[in-house]
Peer 1: 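Once you've had a glance at the structure underneath, I'll fire off some questions.
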Number of protein chains: 2
Amino acid sequence: MKKYKQRKDLKNKPKAPTLIDVARVAGVSPITVSRALNQPDMVSEKAREKVQKAVEKTGYLPNLVAGGLATRSSHLVALIVPTVANPIFAETVRAINETLAEYGYQALLGLSGYNRDQEQDLLEAILCRRPDGIILTGLDHTDISLRRLHASQIPIVETWDLGDDPVDALVGFSHYDVGKEMAAYLLGRGYQRFAAVTADDSRAAKRLEGFTDHLAEAGIKHVPTNVIQTPARFSRGRSAFGTLLDQGVKCDAVYCSSDTLAHGVITEALSRGLRVPEDVAVIGFGDLDFAEASLPSISSVKINGADIGRVAAQALVAKMTADDNDPPPQTLVDVGFSIMQRDSA
Amino acid sequence: MKKYKQRKDLKNKPKAPTLIDVARVAGVSPITVSRALNQPDMVSEKAREKVQKAVEKTGYLPNLVAGGLATRSSHLVALIVPTVANPIFAETVRAINETLAEYGYQALLGLSGYNRDQEQDLLEAILCRRPDGIILTGLDHTDISLRRLHASQIPIVETWDLGDDPVDALVGFSHYDVGKEMAAYLLGRGYQRFAAVTADDSRAAKRLEGFTDHLAEAGIKHVPTNVIQTPARFSRGRSAFGTLLDQGVKCDAVYCSSDTLAHGVITEALSRGLRVPEDVAVIGFGDLDFAEASLPSISSVKINGADIGRVAAQALVAKMTADDNDPPPQTLVDVGFSIMQRDSA
DNA sequence: TGGCCTTTTGTAATCGGTCTCAAAGTGGTA
DNA sequence: TACCACTTTGAGACCGATTACAAAAGGCCA
């Protein structure tokens with residue numbers, strides 16, 4: 001029997017057992033071990049058993065770095081989100097992780113902090129790891145990022161937005177439409193003087209634009225707005241509304257770019273003796289867990305973040321596993337949204 | 001000049017440029033390219049420039065999979081947390097990501113869902129990627145996980161807990177002590193009849209144990225407790241307290257295993273016409289953003305999640321970059337905690 | 001110009017797997 | 001027994017980088 005070369009213990013460093021170690025213990029060739037583990041049908045019952053025993057005896061765990069190099073597929077998916085501090089993304093991250101795991105992929109997490117340049121740096125670092133797929137948040141990337149993405153030939157899914165010119169697949173909804181519908185909703189409930197508290201990220205900006213555009217069509221041109229820095233926080237919402245009130249802004253409804261901000265706005269209103277919604281109505285976005293159970297409950301826009309994650313991950317898997325014979329469909333999914341009427345507006 | 005072998009376009013698949021492509025364009029050998037990029041000092045000015053130009057021309061991005069195989073270091077760090085839905089972990093995840101990025105490491109995210117078996121599966125998948133380091137949440141792992149961790153010889157940092165028998169490094173605080181101090185705090189404020197709303201994860205259980213132990217020492221043996229499923233949510237806290245009240249539980253202070261639950265408990269109390277803290281006091285844990293700004297503001301236990309993340313990541317980097325000459329110190333960091341007195345208790 | 005040391009460049013082997021293709025083993029049929 | 005088809009196994013090249021070591025180039029002095 002041929003002896004497979006034993007790895008020399010470089011620098012005395014004890015290393016994890018390799019396929020060759022397993023092969024030696026099992027008394028077969030390395031390639032047989034590889035096949036026994038990855039394509040059991042190609043190997044005889046007897047060989048499979050020998051390999052199985054050797055694997056257990058050595059405590060062998062395959063080295064996916066080496067395997068990935070050979071197969072040119074890392075089974076790694078890059079996942080870039082602005083933040084996980086916002087529960088709405090947390091849910092998407094969870095769903096993506098879960099769905100990818102089902103198909104044997106692992107997520108490489110990157111946090112862009114709502115910043116295109118940071119996203120670009122992240123993307124560069126991540127492309128060096130040769131992921132099999134990439135999931136991005138939003139459509140707003142630097143030119144360099146776009147060029148790299150296109151050049152990389154890697155399947156990509158953009159999420160949490162909808163637009164004309166996705167890099168590849170797209171799973172999301174129209175923020176502009178959300179804004180318009182929020183305006184229509186508030187107008188429909190009879191409110192007439194509006195203020196806005198919004199975070200300064202690009203998607204929130206699109207919603208605000210839809211909101212003010214729709215109001216403008218209804219003849220309302222002026223919407224006092226306080227833009228706060230991301231990430232949106234309860235305390236920032238509270239102080240932002242306080243500032244507006246201190247500036248003498250009069251309004252009967254406040255548009256907020258997230259429930260977190262809405263919650264803060266409501267708290268500030270209540271602390272000043274304003275009744276919600278009688279004196280001032282408040283509407284948020286995201287339909288976070290607390291929106292329904294707060295006092296008063298918060299009117300909001302429900303987005304199914306888990307859905308986005310699941311659909312995005314599935315679309316990506318479809319692309320990653322597609323071969324030339326059956327190319328995957330061009331994916332563009334509008335997951336929609338729905339306005340949740342509650343007590344606050 | 002020697003011609004470096006051109007990679008054949010296997011299956012017509014256009015592939016990313018490799019080091020060899022760059023070498024050919026630059027008119028030098030592959031190893032010179034490698035050195036120009038990684039150890040610029042070892043290469044002449046002229047060669048460096050040629051390589052630089054060739055890199056730009058080809059749009060070359062190094063393949064860290066191949067590099068990792070050769071150097072036996074992936075520059076990948078496995079990060080396993082129960083969930084990112086809980087903002088308290090989100091902050092740690094952010095800090096870890098940020099700190100690791102500074103040192104050129106990338107985080108591989110795994111969500112264990114507060115479940116040891118799920119953590120074990122995740123760990124197996126992740127060890128196959130040969131991370132340079134591992135950051136875990138908590139000390140509670142399956143036997144198989146522990147065996148694998150020890151066998152792997154990979155630097156490990158456990159976080160968010162403190163205990164006698166860490167696998168390697170440990171950065172956290174004592175949950176038992178937190179529970180005791182919460183009890184002491186409430187007793188000190190004159191409360192006498194207690195109830196508890198707690199999530200069913202192992203660290204929350206330790207806090208509750210500390211809480212009830214301390215009360216027992218003070219002669220209070222009975223603490224009606226409602227244990228809710230993870231993840232803790234506002235709505236679950238609200239309904240959990242509602243259930244306790246419906247069962248006729250009388251109490252003047254409610255212990256909650258998180259601010260999220262506390263917030264729900266307070267809301268339920270207010271909705272039933274109970275005044276907080278006059279009729280019932282509530283204390284939470286985590287000092288989340290909204291605790292300070294809520295109405296009433298929520299007494300809580302402040303943990304610096306970002307600190308934990310930063311310190312843990314730094315400790316891990318120290319271990320990963322240590323050589324045999326100067327081994328890193330055995331790390332065991334107690335980041336402590338502090339009780340934040342607010343209006344709710 | 002020659003000799004020696006230092007800097008720079010290059011060749012070959014290696015990391016731990018998988019792929020290709022050929023060889024060996026198996027079984028059925030003539 | 002000989003032949004053929006099919007299953008199972010293995011040898012060797014390869015993935016894209018890095019490491020070890022050797023060769024070439026450059027600098028300095030006699």
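Lettering of chains follows the sequences in order, A, B, ..., and the numbering in each one begins at 1.
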Peer 1: In degrees, rounded to 10°, what is the bend between the two ends of the helix from dT1(C)-dA30(D) to dA30(C)-dT1(D), using five pairs at each?
Peer 2: 50°
Peer 1: I want to verify a distance call: between dA20(D), dT18(D), dT9(D), whose nearest atom is closest to the Leu19(B) side chain?
Peer 2: dT18(D)
Peer 1: Report the distance from atom CE of Met42(A) to atom P of dC19(C), rounded to the nearest whole Å.
Peer 2: 10 Å
Peer 1: Please confirm whether any donor atom in the side chain of Arg72(A) sits under 3.5 Å from an acceptor in the base of dG16(D), or the reverse.
Peer 2: no
Peer 1: Counting only side-chain nitrogens and oxygens, does Thr71(B) get under 4.0 Å of the OP1 or OP2 atom of dT19(D)?
Peer 2: no
Peer 1: State plainly whether the residues Glu98(B) and Arg94(B) are in salt-bridge range, i.e. N to O under 4.0 Å.
Peer 2: yes
Peer 1: Whole-Å distance between dG16(D) C1' and Arg24(B) CZ?
Peer 2: 13 Å
Peer 1: For the side chain of Gln39(A), starting at C-beta, report the closest nucleotide among dT9(D), dT9(C), dC19(C).
Peer 2: dC19(C)
Peer 1: Tell me which residues in residues 53-70 of chain A put a heavy atom below 4.0 Å from DNA chain D, sorted by number, or none.
Peer 2: Leu69(A), Ala70(A)
Peer 1: Return the nearest nucleotide to the side chain of Asn38(A); candidates are dT18(C), dT19(D), dT9(D).
Peer 2: dT18(C)
Peer 1: Think Ser29(A) has a side-chain N or O under 4.0 angstrom from the OP1 or OP2 of dG10(D)?
Peer 2: yes
Peer 1: Can you find an N or O donor on one side and an acceptor on the other, under 3.5 Å apart, linking the side chain of Arg130(A) with the base of dG16(D)?
Peer 2: no
Peer 1: How are the rings of Tyr105(A) and His75(A) set relative to one another: parallel (under 30°), tilted (30 to 60°) or perpendicular (over 60°)?
Peer 2: parallel
Peer 1: Does a side-chain N or O from Thr32(B) land closer than 4.0 Å to OP1 or OP2 of dT9(C), or not?
Peer 2: no
Peer 1: Under 4.0 Å between a side-chain N or O of Ser34(B) and OP1 or OP2 of dA17(D)?
Peer 2: no
Peer 1: Nearest of dC19(C), dA17(D), dT11(C) to any side-chain atom of Ile31(A)?
Peer 2: dC19(C)
